[in-house]
Amino acid sequence: MRTLYSRHKIEGFDVTTFSGHNEPECSPLSCNALATDISVNQHCLFNTFAEAKEAIERGFFKNSEPGPYRIFAVYTIL
């Protein structure tokens, strides 16, 4: 089966809050300006899933927005 968007480019990985447990809310990287304290790319995203996961596991987001946190891959559709 062919997808509607056959060409895409991954831009990075974002961490979003899910305190309501059923839909993403905000990105502490941008909403709380945490991107100024950690290495992110030009899109305000982590370059790898591992970087995003490590930031969560080390408690980087602890004093920003309430969790839980989930990692999303962010793509540009070409």
Side-chain angles (χ1 to χ4, degrees):
M1 177 178 196
R2 185 170 182 213
T3 62
L4 180 61
Y5 302 106
S6 60
R7 294 179 43 205
H8 56 277
K9 175 186 171 196
I10 189 154
E11 300 294 352
F13 296 85
D14 198 4
V15 174
T16 62
T17 60
F18 269 79
S19 62
H21 301 289
N22 59 357
E23 61 185 54
E25 291 153 354
C26 77
S27 165
L29 286 174
S30 57
C31 293
N32 298 95
L34 294 182
T36 59
D37 298 329
I38 198 165
S39 179
V40 294
N41 65 23
Q42 69 271 24
H43 303 292
C44 194
L45 301 168
F46 292 104
N47 287 312
T48 67
F49 180 90
E51 289 174 357
K53 184 176 183 234
E54 181 178 352
I56 293 170
E57 290 172 344
R58 290 181 179 241
F60 181 74
F61 299 101
K62 184 171 35 174
N63 295 319
S64 62
E65 299 285 335
Y69 306 105
R70 295 186 181 151
I71 301 170
F72 282 86
V74 178
Y75 292 87
T76 295
I77 305 299
L78 306 172

Quick one: side-chain hydrogen bond (donor to acceptor under 3.5 Å, both in side chains) partners of Thr76, sequence neighbours excluded?
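Thr76: side-chain hydrogen bond (donor to acceptor under 3.5 Å, both in side chains) contacts with Glu11.
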With sequence neighbours left out, write down each residue that passes side-chain hydrogen bond (donor to acceptor under 3.5 Å, both in side chains) with Ser64, or none if nothing qualifies.
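Scan of Ser64 (side-chain hydrogen bond (donor to acceptor under 3.5 Å, both in side chains), adjacent residues dropped) gives none.
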Can you list, by chain and residue number, the hydrophobic cluster partners of Phe18 when the side-chain cut-off is 4.5 Å?
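Joined to Phe18, directly or through intermediates: Phe72.
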Can you find a pair of side-chain heavy atoms, one from Asn32 and one from Asn63, that are under 4.5 Å apart?
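No; the side chains remain at least 4.5 Å from each other.
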Enumerate the salt bridge (charged side-chain N to carboxylate O under 4.0 Å, His left out) contacts for residues 59-78, please, sequence neighbours excluded, ordered by first and then second residue.
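Every candidate salt bridge (charged side-chain N to carboxylate O under 4.0 Å, His left out) pair involving residues 59-78 fails, so no pair, neighbours aside, qualifies.
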Taking all atoms of both residues into account, what is the closest heavy-atom pair of Phe46 and Ser39, and its distance?
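Heavy-atom minimum between the residues: CD2-O, 4.1 Å.
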Where Pro28 and Thr16 come nearest, the two heavy atoms and their spacing:
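Closest pair (atom of Pro28, atom of Thr16, distance): CD-CA, 4.5 Å.
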Mind checking ring pair (Phe, Tyr, Trp, His ring centres under 6.0 Å) for Tyr69 and listing every partner two or more places apart, or none if nothing turns up?
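Tyr69: ring pair (Phe, Tyr, Trp, His ring centres under 6.0 Å) contacts with Phe61.
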What residues, two or more places apart in sequence or in another chain, satisfy ring pair (Phe, Tyr, Trp, His ring centres under 6.0 Å) together with Phe49?
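Expected list: none.
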Not counting sequence neighbours, which residues clear side-chain contact (heavy atoms from CB on, under 4.5 Å) with Ile10? List them please.
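With neighbours one apart ignored, the set is Phe13, Ala73, Tyr75.
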Which residues pass the salt bridge (Lys or Arg N to Asp or Glu O under 4.0 Å) test with Glu57, not counting sequence neighbours?
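With neighbours one apart ignored, the set is Lys53.
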Residues in salt bridge (Lys or Arg N to Asp or Glu O under 4.0 Å) contact with Glu25, at least two apart in sequence or another chain:
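Applying salt bridge (Lys or Arg N to Asp or Glu O under 4.0 Å) to Glu25 gives none.
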Atom pair CD/CD1 of Glu51 and Ile38 - distance to nearest 0.5 Å
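Spacing of CD (Glu51) from CD1 (Ile38) equals 8.0 Å.
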Side chain to side chain contact (heavy atoms under 4.5 Å, CB included) partner of Val15, chosen from Leu45, Leu34, Ile71
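That would be Ile71.
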